Amino acid sequence: STLTSLSDIEPSLYTVKAVFILDNDGNRLLSKYYDTELYPSMKEQKNFEKNVFNKTHKADNEIAFVEGMTIVYKCSIDLFFYVVGSAQENELMLMAVLNCLFESLSQILRKDVERRCLLDNIDGVFLVVDEIIDGGVILESDPQQVIQKVNYRVRQLQSLTVSTVWINTWILIWGQYLKTQMTIGNCDFFFSDRQM
């Protein structure tokens with residue numbers, strides 16, 4: 001069956017097809033594609049990104065329609081931020097995601113939203129993207145909430161790292177102690193059937 005109008009399209013939570021950040025030469029710094037059928041190979045993704053960049057990097061607009069996709073974008077110093085949705089997607093929803101991404105990164109990068117700083121903090125950038133979008137579903141559009149969640153995850157990771165280091169150190173010390181005890185006197189660990 002074919003669709004006769006936009007009202008025949010089933011609503012979907014899978015709003016975002018892709019998010020990517022390019023530098024001012026159109027080179028990929030970060031990308032996440034949520035619809036694996038859209039551009040399944042790295043080559044297809046990079047061709048799409050190059051096409052999008054060529055049509056948007058000199059334009060003053062915030063919205064573009066490229067290859068049947070709705071794309072909202074923003075430029076900052078030497079970075080271009082893109083959020084991609086289907087042709088039928090609500091531009092305001094996509095723009096809310098883009099603004100949340102930009103504002104969250106601006107806070108994490110201490111207002112220094114440029115290429116070098118972004119690359120120096122790429123782990124945090126991925127955490128931000130993952131807190132905003134999961135599998136194409138928009139989870140959050142409030143930058144303050146995103147920052148809180150990212151900070152919580154960072155504290156969890158730091159706590160896990162400290163715990164892991166502590167446990168590994170304890171195991172190493174305990175292992176050294178046992179090794180020392182075994183070599184001090186083999187008699188200490190010689191058990192016989194006789195009771196003393």
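Values below: every heavy atom of this structure, side chains too, minus hydrogens, waters and symmetry copies. All values reported here derive from a predicted model rather than from experimental measurement.
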Below 30° counts as parallel, above 60° as perpendicular, anything between as tilted: where do the rings of Tyr33 and Phe20 land?
parallel
Hydrophobic clustering (ILVMFWY, side-chain heavy atoms < 4.5 Å, transitive) - are Leu38 and Leu94 grouped together?
no
Would you say Val129 and Phe81 are hydrophobically clustered, going by side-chain heavy atoms of ILVMFWY under 4.5 Å?
yes
Within-4.5 Å side-chain heavy-atom neighbours: Tyr73 and Asn61:
yes
Any donor and acceptor pair, going by atom type alone, linking the side chain of Asn54 with main-chain N or O of Lys50 inside 3.5 Å?
yes
Residue pair Leu79, Arg115: steps toward the side-chain contact (heavy atoms from CB on, under 4.5 Å) verdict
CA-CA 6 Å; Leu79 298 173; Arg115 183 182 192 278; 4.0 Å; yes
Go through it in stages, so that I can follow the logic: the residues are Asp35 and Lys17, the test is salt bridge (Lys or Arg N to Asp or Glu O under 4.0 Å), and I'd like the CA-CA distance, side-chain angles, deciding distance and then a yes or no.
CA-CA 5 Å; Asp35 185 346; Lys17 301 292 184 188; 3.4 Å; yes
According to a hydrophobic-cluster definition based on side-chain heavy atoms being under 4.5 Å apart (Ile, Leu, Val, Met, Phe, Trp, Tyr only), do Val83 and Ile63 belong together?
yes
Exercise: do Glu67 and Tyr39 side chains pair donor with acceptor under 3.5 Å:
yes
Is there a donor-acceptor pair under 3.5 Å between the side chain of Thr70 and the backbone N or O of Phe65?
no
Do Ser104 and Val150 come close enough that some side-chain heavy atom pair is under 4.5 Å?
no
For the side chain of Ser141 and the backbone of Ala96, is there at least one donor-acceptor N/O pair under 3.5 Å apart?
no
Please test Arg116 against Asp78 for salt bridge (Lys or Arg N to Asp or Glu O under 4.0 Å), starting from the C-alpha separation and ending with a verdict.
CA-CA 9 Å; Arg116 182 191 49 76; Asp78 57 355; over 6 Å; no
Using every non-hydrogen atom in the two residues, find where Ser31 and Gln45 come nearest and quote the distance to one decimal.
OG-OE1, 4.5 Å
With clusters defined by side-chain heavy atoms of hydrophobic residues (ILVMFWY) lying less than 4.5 Å apart, directly or transitively, does Met95 cluster with Met69?
no
For a quick test of reading the model, state the closest non-hydrogen atom pair linking Pro143 to Cys100 and the distance between them.
N-SG, 3.8 Å
Give a yes or no answer on whether the side chain of Asn90 reaches the backbone of Leu92 with a donor-acceptor pair at less than 3.5 Å.
yes
Give the intermediate values and the outcome of side-chain contact (heavy atoms from CB on, under 4.5 Å) for residues Thr15 and Glu89.
CA-CA 7 Å; Thr15 303; Glu89 200 52 64; 3.2 Å; yes
Can you find a heavy atom in the side chain of Phe80 that is under 4.5 Å from one in the side chain of Val52?
no
Donor-acceptor pair, distance only, cut-off 3.5 Å: does the side chain of Ser41 make one with the backbone of Glu44?
yes
State yes or no: do Phe53 and Leu119 share one hydrophobic cluster built from I, L, V, M, F, W and Y residues joined by side-chain heavy-atom distances below 4.5 Å, directly or via other members?
no
Using a 4.5 Å cut-off on heavy atoms from C-beta on, say whether the side chain of Arg28 contacts that of Met42.
yes
Looking at CD1 of Ile21 and CZ of Phe102, how far apart are the two atoms once the value is rounded to the nearest 0.5 Å?
10.0 Å
Side chains of Val113 and Ile77: closer than 4.5 Å at any heavy-atom pair?
no
Inter-residue atom distance Ser106.OG - Asn99.CG, 0.5 Å rounding
11.5 Å
With a 4.5 Å heavy-atom cut-off, do Ile132 and Val19 have their side chains touching?
no
Does some side-chain heavy atom of Ile147 sit less than 4.5 Å from a side-chain heavy atom of Ile108?
yes
What are the two closest heavy atoms between Leu101 and Val128, and how far apart are they?
CD1-CG1, 4.0 Å
Short side-chain to backbone donor-acceptor contact, Tyr82 and Leu98, under 3.5 Å
no
Nearest 0.5 Å, please: how far is CG in Asn24 from CD in Glu114?
10.5 Å
Counting only N and O atoms by type, is there a donor-acceptor contact under 3.5 Å from the side chain of Asn121 to the main-chain atoms of Cys117?
yes
From CD1 (Ile138) to CE (Met93), nearest 0.5 Å
4.0 Å
Check Leu118 against Leu105 and note the closest heavy-atom contact, atom names and distance.
CD1-CD1, 4.4 Å
Give, for atom CG of Leu29 and atom CG of Leu22, the distance between the pair rounded to the nearest 0.5 Å.
7.0 Å
Side-chain contact test, heavy atoms from C-beta onward, threshold under 4.5 Å: evaluate it for Gln107 versus Gln144 and give yes or no.
yes
Taking atom CZ of Phe48 and atom CD1 of Ile71, what is their separation to the nearest 0.5 Å?
4.0 Å
Does CD belonging to Glu91 count more than 12 external heavy atoms closer than 6.0 Å?
yes
